[in-house]
Asks: 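Supplied in structure tokens, the structure appears directly below.
Per chain, numbering begins at 1; letters A, B, ... match sequence-line order. Computed from a predicted model, the values in this text were never measured in an experiment.
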2 protein chains.
Amino acid sequence: MAFDRTNGLRDNTLPAGIDRTDAAILGLLQNNARLSIKEIAAEIGLAPSSTHERIRRLRDADILRGVHVEVDPKVLGIGLEALLMIELSKHRRSTVDSFLDEVIQVPEVRFAFLVTGRHDLVVHVVVRDTQHLKDLALDNFTNRPGVARIETSIIFDARRRYELPLLRQLG
Amino acid sequence: MAFDRTNGLRDNTLPAGIDRTDAAILGLLQNNARLSIKEIAAEIGLAPSSTHERIRRLRDADILRGVHVEVDPKVLGIGLEALLMIELSKHRRSTVDSFLDEVIQVPEVRFAFLVTGRHDLVVHVVVRDTQHLKDLALDNFTNRPGVARIETSIIFDARRRYELPLLRQLG
DNA sequence: ATTGAAATAATCTCGGA
DNA sequence: TCCGAGATTATTTCAAT
């Protein structure tokens, strides 16, 4: 084998190659990943074996990725959530990637976004209370080299959507 | 039956009553909800039937909530993500809850946070491109009654954590 | 690509410790 | 609360279209 012309893909599935049926499956599973293949099959009007085959292909193509449960935060002692809006010092602007990688290691961090605009980073944290938030902000962010300034926004309420929109014409 | 003294719970499970073993199960399932009961049982050193019983209890107590798959955004035509930092006009400050409920109906919205600080809302949106972002911001946000001002932050990179930290002493 | 049927593996129930 | 054995469902494989 002199050269791999498959470009690393195991089968003929094109990365962009999903149809309406695949999109319907993705929609259902984003809202409830515990649906059985039989239930999904009934919903989309296909045999369970065909539905299973499609799901397998979507997984193999890395279109379907991880599956995660939601847990009630209160049970774990989480009483407060916040967004930390971080501004980096100029000399750290070049090493933002490693900064992101460090930030996401902190257990209280849920996500970290590198953004344009007034701030450089937006970090979602979950904490016990305001005291914990203060300690976390000081110990892990304000005093971290490269951080110029932090703005803290406490989250009073939140809503989530689990299904991504379909923004592309399908074959 | 004159009065329901069980307060709607089917068993004796207290909302706050989880132990170290439960916490270990929650940790595993947050990172990978496709683990089988047998695999979880092996990991935590319990029989599959006992592990299953604990998971059932965690579900009944609504400690374990929804399960959702992640989907590759590119496949759906999503080429750009952004945060919209929204400031509301004074007269809409009282109806923020219904505002949140309206915002989360927009298909391009992933989450909407009601926050303290410089802005009132932080909204995560997924779009095709900058043109789509412009249209979405104008049609669904800037021109919406109650919105005073919007700041747009384009997301260049992101990291996520799926496991919540354990911030409480367990029995 | 889709199907039904068969094989395998998972979840769930329950009686007893 | 934990366990194991049996019942029930689900997933996976596969030969054929």
Asks: Partners of B:D129 by side-chain hydrogen bond (donor to acceptor under 3.5 Å, both in side chains), sequence neighbours excluded?
Replies: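 Partners of B:D129 by the side-chain hydrogen bond (donor to acceptor under 3.5 Å, both in side chains) criterion come out as none, since no residue qualifies.
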
Asks: Could I get the full list of side-chain hydrogen bond (donor to acceptor under 3.5 Å, both in side chains) partners for A:D139, not counting sequence neighbours?
Replies: none

Asks: Mind listing the residues from residues 48-55 of chain A sitting with a heavy atom below 4.0 Å of DNA chain C? Number order is fine.
Replies: A:S49, A:S50, A:R54

Asks: Assigning hydrophobic clusters by single linkage (Ile, Leu, Val, Met, Phe, Trp, Tyr; side-chain heavy-atom cutoff under 4.5 Å), is B:V106 placed with A:L166?
Replies: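 No; A:L166 is not reachable from B:V106 via cluster members.
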
Asks: Identify, with sequence neighbours excluded, every residue that meets ring-ring contact (aromatic ring centres under 6.0 Å, His included) alongside B:H68.
Replies: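 So B:H68 forms a ring-ring contact (aromatic ring centres under 6.0 Å, His included) with A:Y162.
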
Asks: For a 4.0 angstrom threshold against heavy atoms of chain A, report the outermost contacting nucleotides of DNA chain D in 5' to 3' order.
Replies: D:dA10 to D:dT13

Asks: Treating B:S89 as the side-chain partner and B:V147 as the backbone partner, does any N or O pair qualify as donor plus acceptor under 3.5 Å?
Replies: no

Asks: Return the set of residues passing salt bridge (charged side-chain N to carboxylate O under 4.0 Å, His left out) with A:D157 (not counting sequence neighbours), or none when no residue passes.
Replies: A:R159

Asks: So how far off straight is the helix from C:dA1-D:dT17 to C:dA17-D:dT1, going by the axes through five pairs at either end, to 10°?
Replies: 30°

Asks: ring-ring contact (aromatic ring centres under 6.0 Å, His included) with A:H124: which residues, sequence neighbours excluded?
Replies: A:F111, B:F113

Asks: Provide the full list of side-chain hydrogen bond (donor to acceptor under 3.5 Å, both in side chains) pairs with a residue in residues 35-49 of chain B, sequence neighbours left out, each pair given once.
Replies: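 Matches after skipping sequence neighbours: B:S36-B:E39.
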
Asks: Is any side-chain heavy atom of A:D72 closer than 4.5 Å to one of B:D62?
Replies: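 Result no, sub-4.5 Å side-chain heavy-atom pair not found.
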
Asks: Taking salt bridge (charged side-chain N to carboxylate O under 4.0 Å, His left out) as the definition, give me every residue that meets it alongside A:E102, ordered by chain and number, with sequence neighbours left out.
Replies: A:R144

Asks: Taking DNA chain D as the partner, which of residues 29-42 of chain B come within under 4.0 angstrom of it by heavy atom?
Replies: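 Those residues: none at all.
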
Asks: Kindly write out the residues that satisfy side-chain hydrogen bond (donor to acceptor under 3.5 Å, both in side chains) with A:D22, not counting sequence neighbours, or none if the list is empty.
Replies: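 In terms of side-chain hydrogen bond (donor to acceptor under 3.5 Å, both in side chains), with neighbours along the sequence ignored, A:D22 is linked to A:R54.
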
Asks: Any sub-3.5 Å donor-acceptor pair from B:S153's side-chain atoms to A:G117's backbone N or O?
Replies: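 No; judged by distance alone, with no hydrogens or angles, the pair does not exist.
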
